[in-house]
Undergrad: 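After the structure tokens below, expect a handful of questions from me.
Within every chain, numbering begins at 1; the chains are lettered A, B, ... in the order of the sequence lines, protein sequences first and strands thereafter. Hydrogens, waters and symmetry mates play no part in the numbers below; they use all other heavy atoms, side chains included.
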2 protein chains.
Amino acid sequence: MREGPDIARIASLVGDPARANMLTALMGGTALTASELALEAGVSLPTASSHLSKLMEGGLLTLASQGRHRYYGLAGPQVAGMIEAITGVAAAVGPQRVRPGPRDAAMRVARVCYDHLAGEQAVAMLDRLVARQVLLRDDKEIRLGPSAASHFAAIGIDVASKARRPVCRACLDWSVRRSHLAGTLGAAILDKILLEKWARREKDSRAVIFSPMGRQAFERMFLG
Amino acid sequence: MREGPDIARIASLVGDPARANMLTALMGGTALTASELALEAGVSLPTASSHLSKLMEGGLLTLASQGRHRYYGLAGPQVAGMIEAITGVAAAVGPQRVRPGPRDAAMRVARVCYDHLAGEQAVAMLDRLVARQVLLRDDKEIRLGPSAASHFAAIGIDVASKARRPVCRACLDWSVRRSHLAGTLGAAILDKILLEKWARREKDSRAVIFSPMGRQAFERMFLG
DNA sequence: CGCATAGTTCGTCCTTTATCGAAGCATCGA
DNA sequence: TCGATGCTTCGATAAAGGACGAACTATGCG
């Protein structure tokens, strides 16, 4: 009964625990089926289906049907950004969660944030790239340094801006409370990490686990 | 029953229409009393009071008691950023609101976004400052240009970074879908506009109305 | 064609919570 | 000290919406 966009409608979609768990799961970047999301949210299939249709109707999800599988994914970076913003507030406002647990510890070290790497590793990487002046940062803004093109070309990443999306963007890390690298460059680096099998995705989690070899390679490449 | 920060808890706080209206009202940047917020949200005083204590408990608001008045305000820029992010998704997802109305038209032109200016005017200003190289922008990142210090000093704004907050930050405008200027510089410019009485705040709204004289002065200063 | 798997729809139960009137505190002004 | 105003707490009511089992639809496989 007031102005502007219907913010309560969107927020209440995220405000249900089952739906919040689904959205959080989808922050991993890969689309999931209804059954997987039901498991993830800890509800029955019918319940999950009902939630999913609400999220669809609200425009927060996209649906890709492949045979008898229906893959649900986040509707876009804007939605992902909103989830991260809410996560940030939730983390800042109340460490009233007890039991950090081993799952959370791994998440703090390295995890996927929609399409790029987040966590302590990612924050350290950005710090190092800035210290070496591959990237330049003024406060929270990041841009490419003079040596960036050749530096990333050497490891097979083309830094020439192609998409409408910014090449590098700062993304506030909810666990460390400092920025890590997002944007197409952040996404490309995560691709590289997984392609080279330096790390693997933990099943049913956003956590990213580096192998000992992979960690060395990553550190040589980005933290050296 | 899963990982990380309790995002559903925060989102459900914003997910109630009455509370959403209150938070939207507080995006104006000024703290308001419980009665004002009750009016704003269209609910009775007891109902508003109940909502406010929930928002307080959730850590989204701060409270300043002055005599028998109790002023509620947003807990900080992080909360404001979250609200803007949700607003952005809501605006992108569904222009299913009919009746844009005169209120909304004014809002699109110029409005307050927590502590800085947003809307078409603000977007135009940022564009112009970038074109004149007072500010430099790479994609979505903004930093000061060489002439920035002297340029802003001339109109009484000290650009030397003092607070922990970044001097300039990009903030995505939900109506125009492009960035405007936030950060301490954005806040200082809004202060200037109101101090010089180039514009006034519309009562009970985030809209900012420029006077004819004020508009000229503003354009001379920032769009010239 | 028939069975198995993936998913949605329907009907019903039940918890959650938003709402307001009335009464209770607290602070100000005289 | 005594109203008056601003706000909160209490108690009762009503409505919204989340949960699941059972039945239904659709796709794939043999």
Side-chain angles (χ1 to χ4, degrees), chain A residues 1-2 6-26 30-74 203-204, chain B residues 1-2 6-26 30-74 94 204:
Chain A
M1 55 185 72
R2 298 199 75 260
D6 199 348
I7 139 176
R9 196 176 121 77
I10 300 299
S12 70
L13 282 174
V14 188
D16 175 85
R19 287 193 293 261
N21 282 335
M22 292 176 171
L23 291 169
T24 305
L26 291 173
T30 53
L32 299 172
T33 66
S35 335
E36 290 169 322
L37 287 167
L39 201 68
E40 200 72 33
V43 294
S44 73
L45 235 173
T47 304
S49 182
S50 152
H51 285 306
L52 287 170
S53 52
K54 279 171 192 166
L55 288 170
M56 284 295 296
E57 197 183 359
L60 299 189
L61 297 185
T62 54
L63 174 58
S65 291
Q66 285 178 18
R68 61 177 158 184
H69 294 272
R70 314 190 71 186
Y71 290 95
Y72 291 93
L74 290 189
K203 183 132 173 55
D204 294 336
Chain B
M1 58 185 68
R2 297 198 75 260
D6 198 347
I7 140 176
R9 195 175 122 77
I10 300 299
S12 69
L13 283 175
V14 188
D16 175 84
R19 286 193 292 261
N21 283 336
M22 291 176 172
L23 291 168
T24 305
L26 291 173
T30 53
L32 300 173
T33 66
S35 336
E36 289 169 322
L37 287 166
L39 201 68
E40 201 73 33
V43 295
S44 72
L45 235 172
T47 304
S49 183
S50 151
H51 284 306
L52 288 170
S53 54
K54 279 170 192 167
L55 288 170
M56 284 294 298
E57 197 182 1
L60 299 189
L61 298 185
T62 52
L63 175 58
S65 292
Q66 284 177 20
R68 60 178 157 183
H69 296 272
R70 312 189 71 184
Y71 290 96
Y72 291 92
L74 291 188
D204 294 335

Undergrad: Rounded to the nearest Å, what distance is computed from the OH atom of residue B:Tyr71 to the P atom of nucleotide D:dG6?
TA: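 My rounded result for the distance is 11 Å.
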Undergrad: Can you tell me how far P of D:dT8 sits from CG of B:Leu37, to the nearest Å?
TA: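 It works out to 10 Å between those atoms.
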Undergrad: What is the separation between atom CG on B:Leu13 and atom C1' on C:dT17, rounded to the nearest whole Å?
TA: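 Spelled out: CG on B:Leu13 to C1' on C:dT17 is 13 Å.
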Undergrad: Would you say C:dC20 has OP1 or OP2 under 4.0 Å from some side-chain N or O of B:Thr47?
TA: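 For C:dC20, OP1 or OP2 has a side-chain N or O of B:Thr47 closer than 4.0 Å.
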Undergrad: Rounded to the nearest angstrom, tell me the gap between atom CG in A:Leu45 and atom P in C:dT8.
TA: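 After rounding, the reported distance stands at 8 Å.
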Undergrad: Taking OP1 and OP2 of D:dA19, is either one under 4.0 Å from a side-chain nitrogen or oxygen of A:Ser44?
TA: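 So the side-chain polar atoms of A:Ser44 never come under 4.0 Å of the phosphate oxygens OP1 or OP2 of D:dA19.
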Undergrad: Report yes if the side chains of B:Tyr72 and B:Thr62 come closer than 4.5 Å at any heavy-atom pair, otherwise no.
TA: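 No; the side chains remain at least 4.5 Å from each other.
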Undergrad: Can you tell me which nucleotide in C:dT19, C:dG21, D:dC20 comes closest to the side chain of A:Pro46?
TA: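 Looking only at heavy atoms from C-beta outward on A:Pro46, the closest nucleotide is D:dC20.
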Undergrad: Indicate whether OP1 or OP2 belonging to D:dT8 is found under 4.0 Å from a side-chain N or O atom of B:Arg70.
TA: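 Checking D:dT8 against B:Arg70, a side-chain N or O does come within under 4.0 Å of OP1 or OP2.
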Undergrad: Rounding to a whole Å, what distance do you find between A:Met56:CE and C:dT8:C1'?
TA: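 A:Met56 atom CE is separated from C:dT8 atom C1' by 14 Å.
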Undergrad: Within the structure, does a side-chain N or O atom of B:Lys54 lie under 4.0 Å from either OP1 or OP2 of C:dA18?
TA: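 The answer is yes; a side-chain N or O of B:Lys54 sits under 4.0 Å from OP1 or OP2.
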Undergrad: Is the phosphate of C:dT19 approached by B:His51 (side-chain N or O, under 4.0 Å from OP1 or OP2)?
TA: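 For C:dT19, OP1/OP2 do have a side-chain N/O of B:His51 under 4.0 Å.
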Undergrad: Would you indicate which nucleotide in D:dT8, C:dT8, C:dA18 comes nearest to any side-chain atom of B:Asp16?
TA: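 Among D:dT8, C:dT8, C:dA18, the one nearest the side chain of B:Asp16 is C:dA18.
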Undergrad: For B:Ala38 and B:Ala48, work out which heavy atoms get closest and say how close.
TA: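 Shortest heavy-atom contact: CB-CB, 3.5 Å.
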Undergrad: To the nearest Å, give me how far apart CG (A:Leu55) and P (C:dT8) are.
TA: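 Answer to the nearest Å: 12 Å.
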Undergrad: Is any side-chain heavy atom of B:Leu60 closer than 4.5 Å to a side-chain heavy atom of B:Leu74?
TA: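 When only atoms from C-beta onward are counted, B:Leu74 and B:Leu60 do not touch, as no gap falls below 4.5 Å.
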Undergrad: Do you know which two heavy atoms are closest between A:Leu13 and A:Gly58, and how far apart they sit?
TA: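 Residues A:Leu13 and A:Gly58, closest heavy atoms: CD1-CA, 3.7 Å.
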Undergrad: For the pair made of CG in A:Leu61 and P in C:dT8, what is the distance, rounded to whole Å?
TA: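 Answer to the nearest Å: 12 Å.
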Undergrad: Please state how far atom CG in A:Leu52 lies from atom C1' in C:dA6, giving the value in whole angstrom units.
TA: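 It works out to 13 Å between those atoms.
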Undergrad: Please check the phosphate of D:dT8 (OP1 and OP2 only) for any side-chain N or O of B:Tyr72 closer than 4.0 Å.
TA: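 Checking B:Tyr72 against D:dT8: at least one side-chain N or O falls below 4.0 Å of OP1 or OP2.
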Undergrad: Identify which nucleotide among D:dG21, C:dT19, D:dT8 has an atom closest to any side-chain atom of B:Val43, counting heavy atoms from C-beta outward.
TA: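 That would be C:dT19.
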Undergrad: Return no unless some side-chain N or O of A:Arg19 is found under 4.0 Å from OP1 or OP2 of D:dG18.
TA: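 Checking A:Arg19 against D:dG18: at least one side-chain N or O falls below 4.0 Å of OP1 or OP2.
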Undergrad: Once you apply a heavy-atom cut-off of 4.0 Å, does A:Thr33 come out as touching a base, just sugar-phosphate, or nothing?
TA: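 Here A:Thr33 touches the backbone only, sparing every base.
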Undergrad: Determine the minimum heavy-atom distance between B:Ile7 and A:Ala20, stating which atoms define it.
TA: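 Heavy atoms only, the tightest pair is CG1-CB, 4.3 Å.
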